[in-house]
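Just so you know, these numbers come straight off a predicted model, no measurement behind them. Per chain, numbering begins at 1; letters A, B, ... match sequence-line order.
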2 protein chains.
Amino acid sequence: MSLRHALLGLLADRTASGYDLLKLFDTSLANVWPATQSQIYSELNKLADTGLITIAAEGPRGRKQYALTDDGLAELRRWLTETEPQRNVRSEVLLRVFFLGVVSREQAQSYLADLATRFATEENTLRELENAVEWDESDLSLYGRIALEYGLRFNAMRREWAEWAADQVK
Amino acid sequence: MSLRHALLGLLADRTASGYDLLKLFDTSLANVWPATQSQIYSELNKLADTGLITIAAEGPRGRKQYALTDDGLAELRRWLTETEPQRNVRSEVLLRVFFLGVVSREQAQSYLADLATRFATEENTLRELENAVEWDESDLSLYGRIALEYGLRFNAMRREWAEWAADQVK
DNA sequence: CGCCGCATGTAACGTGTTACATGATTAG
DNA sequence: CTAATCATGTAACACGTTACATGCGGCG
């Protein structure tokens, strides 16, 4: 049920249409909680039905500008403080590593070395993103930078681990 | 489509029944690729239908002992070497951090401090697991330890990040 | 003989992805 | 005027979770 709260969270900052939210997902939330257009639009309708958001204004081309209601903000706060985040375990990378025994040691080693390169690339991508974003003094900037720092540390850790693992396989 | 390959991977080591595999998922794969009983049994039937595994023997209580076929091993190798692991991004923890602006700084700070504690606990759990497992010289032990090391480093990294983040919010 | 564990199967529901479908507005 | 962008909606399918359902076999 996190998509619903992601939408509430974005609408807590400012009002937006489904189309606006779609773009926000593709930019700021792409690395945290991706969502498709189809998912966003249907969830918005459900949220409007249950009164957590309302249509604050309608624009050209059938545009619906959604706004968070008091109930919606309460629900967002409740989710944040009173519910446990379910730990997100599934890792396809680890699953593959688990079964590297079915290929040769040489193949396994180069597989892990490739992984290290991949993680290094992702780290660089995030670093470019960090430089491209215009950070300000808002809460979204503060917590956005904290989330980005997580990504940087995560990829650095994974790169070092993959290098270490490649060495272990030798 | 990773569940299918997880099953193939486990059957590459030894033959097993659905029930055996279920227990393997709950122990060795619980932190990598969880699966439910219902999912495992229906996927096994599909794999048997497509000839990637076969029923090597039948036992009491309708027990079906599955074995990997040559096709199955080939498919496992193909998946491992020729397909790209899709990066697993969704993180409920990060999503929550993103929206910490809707609660007070004090609440946000204690939220992050709690996270740090949680990660430290998980790290300890994994360390106990590491000591409890009887590691041998097999491939599964080698790659199992590599996967576990990932978990240890991951939680250490997250704990340090959460501590840093709590400090940033001050 | 009765209970626990072994062993499998399926139905209902929620979430997520891909693809199709349609149309209005605006910038060049 | 026409192409790109804005803007929303829905259908089909894949994957995952929860719950229900059933029965055999071995151990005490």
Side-chain angles (χ1 to χ4, degrees), chain A residues 1-8 10-11 15-27 29-50 53 55-66 79 83-92 95, chain B residues 1-8 10-11 15-27 29-50 53 55-66 79 83-92 95:
Chain A
M1 294 267 295
S2 289
L3 172 67
R4 138 179 268 115
H5 298 102
L7 290 167
L8 295 177
L10 290 175
L11 288 173
T15 65
S17 68
Y19 192 82
D20 294 337
L21 290 163
L22 174 61
K23 281 184 296 178
L24 283 171
F25 269 88
D26 284 345
T27 53
L29 285 185
N31 295 298
V32 173
W33 204 270
T36 60
Q37 175 259 10
S38 135
Q39 234 186 323
I40 292 170
Y41 280 107
S42 59
E43 190 63 42
L44 283 170
N45 281 324
K46 284 184 210 161
L47 285 168
D49 284 348
T50 54
I53 62 178
I55 300 172
E58 303 204 28
R61 282 169 289 211
R63 176 187 171 93
K64 300 177 194 168
Q65 187 95 5
Y66 290 104
W79 170 73
T83 66
E84 294 277 304
Q86 62 174 27
R87 48 189 213 145
N88 200 7
V89 278
R90 277 193 184 89
S91 164
E92 205 183 310
L95 185 63
Chain B
M1 293 269 295
S2 290
L3 173 67
R4 139 179 268 116
H5 298 102
L7 290 168
L8 295 177
L10 290 175
L11 288 172
T15 64
S17 68
Y19 193 81
D20 295 337
L21 291 164
L22 173 61
K23 281 184 297 177
L24 283 171
F25 268 88
D26 284 345
T27 53
L29 285 185
N31 294 298
V32 173
W33 203 270
T36 60
Q37 176 258 10
S38 134
Q39 236 185 321
I40 292 170
Y41 280 108
S42 59
E43 191 63 40
L44 283 171
N45 282 324
K46 283 185 212 162
L47 285 168
D49 284 348
T50 54
I53 63 178
I55 300 173
E58 303 204 30
R61 282 169 289 207
R63 177 188 170 91
K64 300 178 194 168
Q65 188 92 5
Y66 290 104
W79 170 73
T83 66
E84 294 276 305
Q86 63 173 28
R87 49 190 213 142
N88 201 7
V89 279
R90 276 192 186 88
S91 163
E92 205 181 311
L95 185 65

Are the side chain of [X] and the backbone N or O of [Y] linked by a donor-acceptor pair below 3.5 Å?
{"X": "A:Arg90", "Y": "B:Pro34", "value": "yes"}
{"X": "B:Asp20", "Y": "B:Ser17", "value": "yes"}
{"X": "A:Thr15", "Y": "A:Leu11", "value": "no"}

For this session: Mind checking A:Ser38 for me? I need base, sugar-phosphate or nothing, with any heavy atom below 4.0 Å counting as a touch.
Result: base

Exercise. When all nucleic acid strands are considered with a 4.0 Å heavy-atom cut-off, which category describes A:Arg90: base, sugar-phosphate, or nothing?
Worked result: sugar-phosphate

Exercise. To the nearest 0.5 Å, how far apart are CG in A:Leu47 and CD1 in A:Ile53?
Worked result: 4.5 Å

Seminar exercise, completed: Scoring nucleotides 23-28 of chain C by protein non-hydrogen atoms under 4.0 Å (B base, S sugar-phosphate only, - none) yields BBB---

Exercise. Would you call B:Lys64 and B:Glu58 a salt bridge, using N to O less than 4.0 angstrom?
Worked result: no

Seminar exercise, completed: Counted 5' to 3', the first and last nucleotides of DNA chain D within 4.0 Å (strictly under) of a heavy-atom of chain B are D:dC15 to D:dG25

For this session: Can you see which heavy atom on A:Glu92 is nearest to which on B:Trp33, and at what distance?
Result: N-CZ3, 3.8 Å

Problem set entry | Heavy-atom closest pair, residues A:Leu29 and A:Ala6 | CD1-CB, 4.2 Å

Problem set entry | First encountered from the 5' end of DNA chain C, between A:Pro34 and B:Lys23 | B:Lys23

For this session: Measure from CG on A:Leu3 to P on C:dG16 and round the result to the nearest Å.
Result: 6 Å

Exercise. Quick one: A:Leu22 CG to C:dG16 P, roughly how many Å, whole number?
Worked result: 15 Å

